[in-house]
Participant: 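Take a look at the following structure, please.
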Amino acid sequence: MRDREWNRLRMFQTATGILNDEKYKPIWHEQRPLIFTAKVTAIEQAIADFESVARRQETNITGSAADKRREETELEQAAHLLGGALAIWYRDQNNLEDAAKVDMTITDWRKMRDEQLLGQARLLEGLATAVVSGPDAASAADYGVDAAEVALLKKEADDYEAVITAPQQSQASRAAMTRQIVDRANGIERQFEELDRLILQYRRHPNGPDFIAAYQSARVIRDLGVRHRAPSTDSPEDNKN
C-alpha cells in the first residue's frame, strides 16, 4: 500500500480513537442524533476491513520477494555443486572447453540475476544431461554427476523460472488491489465527512467544544503534508482529499 493510504489509515484510527476516548464517548454514544452512533459503528467496521485488505497486499508483496530469494539461493547452490563436479570430470577427460563453461565459484553464481542466472543454469543442465545420458555416464557418476543431480538442478531451475515470471503475472492483480485500497479509503473518507457535519450538534454539550476540537485535530493526515480542512464549529464545510 502506498504511503498516502497508510497515513490515511492512521488518521482514521486516530479519529476513531478520539471518538472512543472515555472522556468523549458519553457525549455521543447513543445520544441524539442517534444516527451518529450507527455511523461510527459502520466506520469502525470499514476501517477494520480496509486494514485487513492493506495488510494482505503487503504480505503478498513481501512473500513474493522472499520466494524469489529462496528459489534463487537453492538454484545457486545446486548449480554450484553440480557445475563444480562436472568441471572436474571434464578436465579429467581433457575437455577443457566445456570445463570452462561450468567451472564457476558460488560467488560467480550469486552475481547473476534473473534471466542470466537461469540461462547459465540451463546451459549446465543441458551439458550435464548429455553426459549422464551418454556412454560415459558411469564414469561421470563417480564424480557425483548423475541423473538424480541433474533432475535436482532442473527442478530448481524450473522453480526459479516460475518465480521470476510471477511478477509479470501478479503486477495486474497488485494494481487492482491498490485501486481497491484507494477506493476503500475514499469511501471511509466520505463516511467521516458525514461525521464531520453531525458532530457539530454536540457543541451544546458542556464538553462539546473540547470534543469537537480534538476530533477535528485528529482528522488531519500527517507526514505527507496533505491536510484535511476540518469543519469549523460555526460553518460546516467538506473535507477534501
Participant: Once you round to the nearest 0.5 Å, how far does OG1 of T14 lie from CE of M11?
Facilitator: 8.5 Å
Participant: Is it possible for you to say whether L123 and L117 belong to one hydrophobic cluster, with membership spreading through side-chain heavy-atom contacts below 4.5 Å?
Facilitator: yes
Participant: In plain terms, say whether R219 and E189 are close enough for a salt bridge, that is, a side-chain N and a carboxylate O under 4.0 Å apart.
Facilitator: yes
Participant: Are Q216 and I199 close enough, and set up right, to give a side chain to side chain contact (heavy atoms under 4.5 Å, CB included), and what steps lead you there?
Facilitator: CA-CA 10 Å; Q216 291 176 343; I199 199 172; 5.5 Å; no
Participant: Within the structure provided, determine whether V131 and L127 are in side-chain contact (heavy-atom separation under 4.5 Å).
Facilitator: no
Participant: Do NZ/NE/NH1/NH2 and the carboxylate oxygens of E125 and R122 come within less than 4.0 Å?
Facilitator: yes
Participant: Taking D98 first and then K101, would you say they form a salt bridge - that is, a charged N and a carboxylate O separated by under 4.0 Å?
Facilitator: yes
Participant: For F36 and W28: C-alpha separation, side-chain torsions, deciding distance, then whether ring-ring contact (aromatic ring centres under 6.0 Å, His included) applies.
Facilitator: CA-CA 7 Å; F36 192 89; W28 61 269; 5.6 Å; yes
Participant: Report yes if some heavy atom in the side chain of N20 is under 4.5 Å from a heavy atom in the side chain of E44; otherwise report no.
Facilitator: yes
Participant: Which value, rounded to the nearest 0.5 Å, describes the distance between Q120 atom CD and L75 atom CG?
Facilitator: 10.5 Å
Participant: Only one of E71, R70, E72 clears side chain to side chain donor-acceptor pair (under 3.5 Å) with Y160; which?
Facilitator: E72
Participant: May I ask whether F192 and I35 are part of the same hydrophobic cluster, defined by side-chain heavy atoms of I, L, V, M, F, W, Y residues being less than 4.5 angstrom apart, directly or through others?
Facilitator: yes
Participant: If you round to the nearest 0.5 Å, how far is CG of L34 from CD of Q31?
Facilitator: 8.0 Å
Participant: What are the two closest non-hydrogen atoms of A218 and A15, and how far apart are they?
Facilitator: CB-CA, 3.7 Å
Participant: Donor-acceptor pair, distance only, cut-off 3.5 Å: does the side chain of D108 make one with the backbone of T105?
Facilitator: yes
Participant: Using a strict threshold of under 4.0 Å (side-chain N to carboxylate O), is an ion pair present between K68 and D114?
Facilitator: yes
Participant: Step by step, work out the salt bridge (charged side-chain N to carboxylate O under 4.0 Å, His left out) result for D159 and K155.
Facilitator: CA-CA 6 Å; D159 290 347; K155 174 191 178 298; 2.8 Å; yes
Participant: At what distance, to the nearest 0.5 angstrom, does CG of L81 lie from CD of Q77?
Facilitator: 7.5 Å
Participant: Please report the shortest heavy-atom distance between A121 and W109, naming the atom on each side.
Facilitator: N-CZ3, 3.9 Å
Participant: Answer whether the closest heavy-atom distance between the side chains of K39 and E194 falls below 4.5 Å.
Facilitator: yes
Participant: Give the intermediate values and the outcome of side chain to side chain contact (heavy atoms under 4.5 Å, CB included) for residues R184 and V182.
Facilitator: CA-CA 5 Å; R184 283 175 179 263; V182 172; over 6 Å; no
Participant: Looking at every heavy atom in both D146 and A141, which two are closest together, and how far apart are they?
Facilitator: CB-CB, 4.4 Å
Participant: Quick one: closest heavy-atom pair of A99 and A87, and the distance?
Facilitator: CB-O, 3.7 Å
Participant: Does some side-chain heavy atom of F211 sit less than 4.5 Å from a side-chain heavy atom of L19?
Facilitator: yes
Participant: Hey, is the main chain of T129 close enough, under 3.5 Å, to the side chain of S133 for a donor-acceptor pair?
Facilitator: yes
Participant: Take Y202 and N207 through the side-chain hydrogen bond (donor to acceptor under 3.5 Å, both in side chains) test and state the conclusion after the steps.
Facilitator: CA-CA 9 Å; Y202 297 112; N207 294 325; over 6 Å; no
Participant: Given side-chain hydrogen bond (donor to acceptor under 3.5 Å, both in side chains), test Y90 with D103 step by step and report yes or no.
Facilitator: CA-CA 10 Å; Y90 275 139; D103 190 10; over 6 Å; no
Participant: Does R8 form a salt bridge (charged side-chain N to carboxylate O under 4.0 Å, His left out) with E5? I'd like the steps, not just the answer.
Facilitator: CA-CA 5 Å; R8 293 178 81 181; E5 270 57 62; 3.4 Å; yes
Participant: Find out if a path of hydrophobic residues (ILVMFWY) with successive side-chain heavy-atom gaps under 4.5 Å connects W89 to L152.
Facilitator: no
Participant: For side-chain hydrogen bond (donor to acceptor under 3.5 Å, both in side chains), just list the numbers for S139 and D136, CA-CA rounded to whole Å, side-chain angles, deciding distance to a tenth of an Å, and then say yes or no.
Facilitator: CA-CA 5 Å; S139 171; D136 297 319; 5.9 Å; no
Participant: Grab the two heavy atoms, one from I106 and one from E76, that are nearest each other, plus how far apart they are.
Facilitator: CD1-O, 3.8 Å
Participant: I need the minimum non-hydrogen distance between V53 and I181, along with the two atoms involved.
Facilitator: CG1-CG1, 3.8 Å
Participant: I'd like to know if E51 pairs up with R55 as an ion pair, taking the criterion as any Lys NZ or Arg NE/NH1/NH2 lying under 4.0 Å from an Asp or Glu carboxylate oxygen.
Facilitator: yes
Participant: Between T73 and R110, is the side chain to side chain contact (heavy atoms under 4.5 Å, CB included) condition met? List the steps.
Facilitator: CA-CA 8 Å; T73 297; R110 288 171 178 166; 6.0 Å; no
Participant: In Å and rounded to the nearest 0.5 Å, what is the CD to CZ distance from Q191 to F12?
Facilitator: 9.0 Å
Participant: Might you work through the side-chain hydrogen bond (donor to acceptor under 3.5 Å, both in side chains) test for R4 and N7, ending with a clear yes or no?
Facilitator: CA-CA 5 Å; R4 182 170 189 271; N7 282 295; over 6 Å; no
Participant: Step by step, work out the side chain to side chain contact (heavy atoms under 4.5 Å, CB included) result for V40 and T16.
Facilitator: CA-CA 8 Å; V40 170; T16 54; 5.6 Å; no
Participant: NZ of K154 to CD of E149: how many Å apart, nearest 0.5 Å?
Facilitator: 15.5 Å
